[in-house]
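Worksheet for the structure shown next.
So you know, we letter chains A, B, ... as the sequences are listed, proteins then strands, and number each from 1.
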Amino acid sequence: MLDRPAVVEPLDDDKTPATFTGNRGLDQEEPLIFEIGRLDATGVDIDDPAPIATRLGALERNAPIGLPGLTEPETMRHYVRLSRKNYSIDAGLYPLGSCTMKHNPRSNEKIARFEGFADLHPLQPQSTAQGALELMQILADWLMTLTNMQAVAMSPKAGAHGELCGMMAIKSAIAARGESATRNVVLIPQSAHGTNPATAALLGFSVRVVPAAADGTVRAEAVKEALAPDVAAIMLTNPNTCGLFEREIVDIADAMHEAGGYFYCDGANFNAIAGVARPGDFGIDAMHINLHKTFSTPHGGGGPGAGPVVLSERLAPFAPVPFIRRNGDALELVEAAEGTQSFGRLTAFHGQMGMFVRALAYMLAHGADGVAQASKDAVLSANYVRASLRDVMTQPFGDRICMHEVLFDDAWLRGTGVTTLDFAKAMIDEGYHPMTIYFPLVVHGAMLIEPTESESKASLDLFIATLRDLARSAKAGEVARFGPAPRLAPRRRVDEALAARKPVLRWTPAAA
Amino acid sequence: MRYHPLSEADRNAMLATIGVSSIEALYADAPRATLLETPLDLPSGKSELDVERFFARLAARNMPASRAPFFVGAGAYKHHIPASVDHLIQRSEFLTSYTPYQPEISQGTLQYLFEFQTQVALLTGMEVANASMYDGSTATAEAVLMAHRVTKRRKALLSGGLHPHYAEVVRTISRLAEDEVETMAPDIGAAEDLVARIDDTLSCVVVQTPDFFGNLRDLTKIAEACHRNGALLIAVFTEAVSLGLLKSPGAMGADIVVGEGQSIGNSLNFGGPYVGLFATRHEFLRQMPGRLAGESVDADGRRSYVLTLSTREQHIRRDKATSNICTNSGLCALAFTIHLTLLGEAGLTRLARINHANAVLLAQMLKDVPKAEVLNETFFNEFTLRVEGDAAALVEKMAARGVLAGVPVSRLLPRAGLDDLLLVATTEVNTQEDRDAFVAALKESL
Amino acid sequence: MTDLRYSKDHEYVALDGDLATLGISDYAQSQLGDIVFIELPEVGKKVAKGKEIAVIESVKAASEVYSPVSGEVVEVNPELGEAPALVNDDPLGRGWLIKVRVSDPGECASLMDDAAYSSFLKTI
């Protein structure tokens, strides 16, 4: 169950000092563009169109749209002011478990903007885009080598889209075996990302939940018990969302295959094992790789991502179009599914090229050794945080080695009057983005910390010291540090119930 | 490695704190046999300079749009992007932040999403818009799924003017989700009679305007027929700039409007990342996929923004979610909203006019070219040219002459008997010299 | 109002003849937190004991409500559309969800009375 966010009155002695502007020094308020823009203002000078007789039929617009414009200096100021209200990796440790907020190299940004990539049209003749196709092919080779898998579908746009791709390939393979009518269940552990059951349901599968053992991992025995002739596949995250390596993964894969099912591995946490172990060696059939997690393409405030899917020999024939084929000296895109076993098309064009460039730049900068080192440092850092906090916070599955992220629960907060949410909000006042909270759902008051390999030891040490001090404070009953938090951020706690009860999802003129 | 701050001494000290002797010991839970003993057969790490050299060599083998008279469209369009757009989206606070789940320290992202949603709603003539989808094609597929939920029917009718990739995406997901789809034959001249095909078994009709062949379509009668039969009209666009000059789909009665927002603020990027726009009526709000930013107040009563109605989404609703979408196109939405703010209504209208004017000028010049004929009665900035012979071969010949002439219809509709059709797009980036070069190369190549 | 009977899923039934008023318990509303939206069935819908009849959404959770009785929906609470918080404020009173014409009043016998429900809550 979720804790109820408390809406707390500001304490008298720390009321925000009133200013004429509402600004507080560098923390500046900014109206909406609809409040400062004008219908006749523009920041783009455009030539007069040549006089022509239009070819618009009767479909020319005859009413104003209502879009405000700003000149360039006003635009710069508006968005720079907005940007300053955001936390970012560049500004601080961003320990969001399951999200992998690692450093985003700027070399990647520079290269992605080379006009030979950024200014390339997806449908210009393939003879004029051979460098782009080769880049995709090199990235595909890296992904297949890192995972020891036989094929890769490049077009999925993000992790959840990759899941859809993998599960579509599985559904197609089952159909090819003539078992569509009978195999319609997908096994998913309770701790899975919400995208897993959502994806399975989208394709008409019903979800059978597999219980986890007391140590937070899934036992092969439990999978075998859930297995029946109606099972199409299992969707399992490894390392799992509790930050633990699924120890029996090979046995689980064997059990699935023996029962005629497929193994979809959620690759969101591949960053713990890239270069150290290959998912193909576990016996999986499909896995998406979030290039925006493991391979450092920026999260951009929620996207874009990219989710290529590696496939086993058994699923490779069903991969979506387009795919790349070598034709003599040239590379060509196979864009039509007709005449192949491909399950079809997931998106217009060929995938997230801009993300491919960045991910490959990251890989080439690292090399095989560097990729492994990144994984190991991520695991080392998470365990260092665990070992440094284990005496003041509680771990739901006992004190055991974790992978790239460490999971705490709220047992240690019981009776303090401080909730996981309060603790997270107090971290904001200390200048940190909170960890992932209340996920995975299987752990009460979950706090999932993923420091990544990008933090120095000094940075980790200060983070640890801060959390220790907050923990001491919570246990000492200093609730004033938590309930009203955050007090020092651009905003204090936002009333989410109000937003949901009376949704205001766009600006409307005051008079309306 | 320049991205890894930990030194060997740091690592050893950290291992001591953890109480293990080596990093390898941290992988004790992995089956022994699956741990790699030797490094993979992949190159070793490179300096920043060498990485750039590597990519420069690959980039040099491509022919970028800015290096040739460029007329390629069919769902992605070359427009000029003001320098301030790309500068602003590279601000650390936008580029390197996550989904705004902690509103107190994410007001920047939340406010621009709120502004973006408002702009998209205004542009499409709808009441609400979400915070973006992956691209226009996936937004279209999501719209069809949403129509199924709203109408509790599971059959879609796709216009023959819908972008073939969009139609394929809808058909793929529908087939695997076991929903029905009927697709009209390719409709070069916008002549199909959709109204006659609409009955009360349909959940939705999907119509694109300007359509794949460039024709403008009046949706009013189709909307009326949909509503008489309890179906929804899904209007699609692939060229967002057209909305600056054309009646909005909402004004013509659409129930869901989806489209590709790449044209505004986003580079061609060889096909992605782009930004899907998704707007609908307020009454269907709870069936909408994707994230939504909403207005609220904070504990001090100050206006604030927050992600809302998230109980529709996968991270809460799991197998009952409206969509499995999680990551969207936040940064591309930012580029869209900044560019549109710079344009404003005045700039967008002017931009749309010059796009249209350039297309009309080119169409006029083509009247004098033998063996080539513009088929469209109406168009915005793209039209269909019928040529003598094979359009794909023609495009290659013209590329050899340094002109990127357009998209042969056969590339998207192979084996449809439309090998002699070429889609030609022109935008504000094209000059009179470009048009002259196009016509000259066309005459030489035909 | 007649006696309340509770299910293990924290729904309650107040039975008056063959007319049952259904809602969620005070414990359930307190666990959900601020309720922001309630999806109710249409009048005339047939419900079966143990099947989903409504969905209650708080800010960060959506919980299905399962019918503790079988029958036909004859009324839904018209106030909840505008004021879902009534379920928080007065779950057993103005925050009721639906009224059902029950097909088998005997089904209520298996539900818990106040005392049994109170002791059940202590075991959670």
Between the side chains of B:Arg91 and A:Ser83, does any donor sit under 3.5 Å from an acceptor?
-> yes

Residue A:Phe34 versus chain B: region with a heavy atom under 4.5 Å = side chain

Output yes when B:Glu104 and A:Arg492 qualify as a salt bridge under the 4.0 Å nitrogen-oxygen rule, no when they do not.
-> no

Of all heavy-atom pairs between A:Gly131 and B:Asn62, which one has the smallest distance, and what is that distance?
-> N-OD1, 2.8 Å

Examine whether an atom of B:Leu40 lies under 4.5 Å from a heavy atom of chain A, and if so say whether it belongs to the side chain, the backbone or both; otherwise answer neither.
-> both

Under 4.0 Å between a Lys/Arg side-chain N and an Asp/Glu carboxylate O for A:Glu335 and B:Arg411?
-> yes

Write down the atom of B:Leu6, the atom of A:Ser456, and the distance for their closest heavy-atom approach.
-> CD2-C, 4.1 Å

Side chain, backbone, both or neither of B:Ala56 within contact of chain A (heavy atoms, under 4.5 Å) = both

Taking the inter-plane angle between the rings of B:Phe70 and A:His121 on a 0 to 90° scale, is it parallel (under 30°), tilted (30 to 60°) or perpendicular (over 60°)?
-> tilted

Which bit of B:Glu115 comes within less than 4.5 Å of chain A, counting heavy atoms only: side chain, backbone, both or neither?
-> both

Below 4.0 angstrom, N of the basic side chain to O of the carboxylate: do A:Glu60 and B:Lys247 qualify?
-> no

Side chains of A:Asn86 and B:Gln107: closer than 4.5 Å at any heavy-atom pair?
-> no

If you take all heavy atoms of B:Thr96 and A:Ser88, which pair is closest and at what distance?
-> OG1-CB, 3.2 Å

Closest non-hydrogen atom pair, B:Phe114 against A:Leu505 = CE1-C, 3.5 Å

Among B:Val297, B:Asp298, B:Asp300, find the one that has a side chain to side chain contact (heavy atoms under 4.5 Å, CB included) with A:Arg491.
-> B:Asp298

With a 4.0 Å cut-off, would you call B:Glu48 and A:Lys110 a salt bridge?
-> no

Between the side chains of B:Ser296 and A:Glu496, does any donor sit under 3.5 Å from an acceptor?
-> no

Which bit of A:Met168 comes within less than 4.5 Å of chain B, counting heavy atoms only: side chain, backbone, both or neither?
-> both

Judged by modelled atom types alone, do B:Thr172 and A:Arg345 share a side-chain donor-acceptor pair under 3.5 Å?
-> no

Could you check whether the rings of A:His103 and B:Tyr3 sit parallel, tilted or perpendicular, using 30° and 60° as the cut-offs?
-> tilted

Measuring heavy-atom distances to chain B, does A:Tyr79 have an atom under 4.5 Å in its side chain, in its backbone, in both, or in neither?
-> both

Taking all heavy atoms of B:Asp29 and all of A:Ile401, pick out the closest pair and write down the distance.
-> OD2-O, 4.2 Å

